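To keep things clear, I will list the structure first and then write my remarks on it.
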Amino acid sequence: MKRRRAMALLLAAAMSVTALAGCSAKTSNEETKAGAETKAGEETKAETGDTKTGEESAAAGEESQAASGDVVEIKWYAPMSEIQADQESVQNAVNEYLKDKLNVQVKFISTDFGSFDQKMQMVISSQEEFDLCFTSNWCNNFYNNVNKNAFLDIGDIVEKEAPKLKEIMPESGFAAATVGGKLYAIPNYQIWAMTNGGYIVKDYVDKSGVDISSVKSLKDLDPIFESIKKDNPEVFPIINSKQSIYGFTAAALGLDELSGMNVPGAVKYDDKELKVVNQFALPEVMEHFKLMREWNQKGYFRPDAATITDYKAEQKAGKYAAIMAGTLKPGETPVQKADFGNKDVEQFRISDSILKTSGINATMIAVSRTSKHPVEAVKLLELVNTDPVLYNLLCFGIEGTHYTKTEDGHVKPIENSGYNPNVDWTFGNQFNGYLREGQEDGVWEETKALNEAAIPSEALGFVFDPEKVQTEIASTSAIVTEYLLMLDTGAVDPEEKMPEFLDKLEKAGSQKIIDEMQTQIDAWKAAK
């Protein structure tokens, strides 16, 4: 019964957060260093300006549209696994399709995932006018951006102008994107259950003699990696990059991070007491970094792993044998096969399937506070999420140019066509997507069933309001950014660096963040 009720638990989240957090505007700057909170708040307000409510923005947008009737340009920042050479053709096709649908034309600005965080920090801090962007708890951090007024409250716009959005996914999705009673993003409806693991080229597994089903942890991959390095010294056994491996192991480590990967503060997902801890101080996290150091010294990573932002070309060329995935999902194996140069791959799993708030807000689209066309932007999101033709155009490109269809109607990418991003989950409602060649019919039904069957975290439905610790979050996040990659790529000895890392976090206010999280989650638990 607990699992069946899991998806419903988030329904009360928005109301609970409203009661706990109040309705005050958030004023924080992600890059503000530790200092006087008053000064930090004043600097942030100067940077981002006054917060507009969804109702005010909707009214402004309606007035603008009614007055002019002109077609407006929606600027959309989107991350890609690698930049697509023929993206312009797809953008033109999208805009041609939109002519009969909305008074909107789209301009996509794409950046590889490794650079997207830094790019969006610059865009937001410069107050650049744009309309839409990808956001999550792990990339272009949702909580930090809400805290510094970067995103618009779109609740009223959705209710009045885009009601179909509320019809396509469970209310729990919207609860996960709600802070202080305000809706700041539209979740991309897809796999929400988090199952850590990865994919590895089958030929290497076979040659190692290891039964892939016996792999239950990262450490269990050692015999396979040793075999790969012995027989193929030019191949790196696993991809490590600026995205890190640690970021794909939260479920395996038993963690439910309450404000994203780079902020101290997490609970164990099965802890009924919901005790908030500094996850970086846990023994199991230390053991993870020790393993990364060991793998580094064995040559399992590229020496410059911490600087790598785009690895797709080398992956397809056979330079890597395995890749981590934070969320394993039905039907993904054919996608990974293509990414590994059409080599057969096998899946390995290192955690149970867990349903967490962070699994839902791991991929969302937000409207910028600087948008001049918030109503049109939300209407565009409604169309992307409800119109399969538009959604699949974004995901796969132009039929006959970028892909063909097999006899059973599945997509087969055209080699070297210039468009095959493989990031369907960043655009919208994945359950409207075409199936790829090799995927079995029924994948989307299987995915929804997995969401329903996942083990619910004890903190499912809790959404942390960071307003009272905005300065501490900015400071500790900067420290995590400084240390995480060097630890997770094994570039430094964790026995030496971890004490220094934890000391800096403590001095920057990690305990204050944890105490505030504990206060809020205790109140949330009592109100359930």
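None of these values were measured; they are calculated from a predicted model. Residue indices begin at 1 and follow the sequence shown.
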Do Lys312 and Asp339 pass the side-chain contact (heavy atoms from CB on, under 4.5 Å) test, and can you show the C-alpha distance, the side-chain angles, and the key distance before you say yes or no? CA-CA 7 Å; Lys312 285 292 183 180; Asp339 285 348; 2.8 Å; yes

Check the pair Leu102, Glu376 against side-chain contact (heavy atoms from CB on, under 4.5 Å), reporting the backbone distance first and the verdict last. CA-CA 8 Å; Leu102 296 171; Glu376 291 87 348; over 6 Å; no

Audit row: Phe462, Val267, side-chain contact (heavy atoms from CB on, under 4.5 Å) steps and yes/no: CA-CA 11 Å; Phe462 174 72; Val267 297; over 6 Å; no

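When all heavy atoms are compared, the tightest approach of Pro79 to Phe134 is CD-CB, 3.4 Å. Contact between Lys372 and Pro374 at its shortest, heavy atoms only, is C-CD, 3.4 Å. Contact detail for Phe151 and Thr135: the closest heavy-atom pair is CE1-OG1, 3.5 Å. In plain terms, the two heavy atoms of Gly173 and Ile360 that are nearest each other are CA-CG2, 3.8 Å. Between Ala266 and Leu258, the shortest heavy-atom contact is CA-CG, 4.2 Å. Considering every non-hydrogen atom in both Cys139 and Phe116, the closest pair reads SG-CD2, 3.6 Å.
With rounding to the nearest 0.5 angstrom, the CE atom of Met517 is 11.0 Å from the CG atom of Asp465. Separation of atoms CH2 (Trp76) and CG (Leu381) is listed at 5.5 Å; rounding is to 0.5 Å. Note that CD1 of Ile354 and CG of Leu255 are 11.0 Å apart. Values are rounded to the nearest 0.5 Å. One finds the SG atom of Cys395 at 9.5 Å from the CG atom of Leu390 (value rounded to the nearest 0.5 Å). Distance CZ/Phe396 to CG/Asn422: 8.0 Å, rounded to 0.5 Å. The distance from the OG1 atom of Thr333 to the OH atom of Tyr199 is 5.0 Å, given to the nearest 0.5 Å.
In this structure, Leu380 and Leu98 have side chains that are in contact, with non-hydrogen atoms separated by less than 4.5 Å. Contact check for Ser89 versus Thr401: no side-chain heavy atoms found under the 4.5 Å cut-off. Side-chain contact check for Glu257 versus Asn137: every heavy-atom pair is 4.5 Å or farther apart. At least one side-chain heavy atom of Asn95 sits under 4.5 Å from a side-chain heavy atom of Gln91. Between Asn420 and His402, every side-chain heavy-atom pair lies at or beyond the 4.5 Å cut-off. The shortest distance between side-chain heavy atoms of Ile186 and Ile154 falls below 4.5 Å. The closest side-chain heavy-atom distance from Ser477 to Asn144 is below 4.5 Å. Between Gln336 and Ile323, the closest side-chain pair of non-hydrogen atoms falls below 4.5 Å.
Not a single donor-acceptor pair under 3.5 Å links the side chain of Thr327 to the backbone N or O of Met194. Under a 3.5 Å cut-off, the side chain of Ser241 and the backbone N or O of Thr309 do not form any donor-acceptor pair. Remark: the backbone N or O of Gly114 is not paired with any side-chain donor or acceptor of Gln243 at under 3.5 angstrom. Put simply, the side chain of Gln439 gets close to the backbone of Gly331: a donor and an acceptor are under 3.5 Å apart. Using modelled atom types, one side-chain atom of Tyr419 and one backbone atom of Leu394 make a donor-acceptor pair closer than 3.5 Å. Side-chain atoms of Tyr311 never come within 3.5 Å of backbone atoms of Ala305 as a donor-acceptor pair (strictly under, hydrogens ignored). Between the side chain of Asn385 and the backbone N or O of Asn429 there is at least one donor-acceptor pair closer than 3.5 Å. The main-chain N or O of Asn432 is found under 3.5 Å from a side-chain atom of Asn392 such that the two form a donor-acceptor pair. Judged purely by atom type and a 3.5 angstrom limit, Asp112 has no side-chain atom pairing as donor or acceptor with the backbone of Glu82. For the pair Glu382 (side chain) and Lys164 (backbone), a donor-acceptor distance under 3.5 Å is present.
Within a 6.0 Å radius of CD in Glu128, more than 12 heavy atoms belonging to other residues, nucleotides or ligands are found. Few gaps surround NZ on Lys405; more than 12 heavy atoms of other groups in view lie less than 6.0 Å from it. Atom CD of Glu440 sits in a sparse spot, with 12 or fewer heavy atoms from other residues, nucleotides or ligands closer than 6.0 Å. Other residues, nucleotides and ligands contribute over 12 non-hydrogen atoms within 6.0 Å of the CD atom of Glu167. The number of heavy-atom neighbours closer than 6.0 Å to CD of Glu314, taken from other residues, nucleotides and ligands shown, is above 12.
A cation-pi geometry, defined here as NZ or CZ lying under 6.0 Å from the six-membered ring centre and within 45° of its normal, holds between Lys448 and Phe431.
For Phe113 and Trp138, the gap between ring centers is short of 6.0 Å.
Under 3.5 Å, the side chains of Glu399 and Tyr434 contain no donor-acceptor pair of N or O atoms. Side chains of Asn140 and Tyr77: no donor on one and acceptor on the other come within 3.5 Å. A donor-acceptor pair shorter than 3.5 Å can be found between the side chains of Gln87 and Ser110. One side chain, Asp256 or Ser457, offers a donor N or O that lies under 3.5 Å from an acceptor on the other. No side-chain donor from either of Tyr184 and Asn145 sits under 3.5 Å from a side-chain acceptor of the other.
With respect to the salt-bridge test (charged N to carboxylate O, under 4.0 angstrom), the residues Lys166 and Glu159 qualify.
Checked against side-chain contact (heavy atoms from CB on, under 4.5 Å), Leu484 has the following partners two or more places apart in sequence or in another chain: Tyr246, Met261, Asn262, Phe289, Val480. For the side-chain hydrogen bond (donor to acceptor under 3.5 Å, both in side chains) test, no residue two or more places apart in sequence or in another chain qualifies with Asn196. Residues that satisfy the side-chain hydrogen bond (donor to acceptor under 3.5 Å, both in side chains) test with Gln315, not counting sequence neighbours, are absent from this structure.
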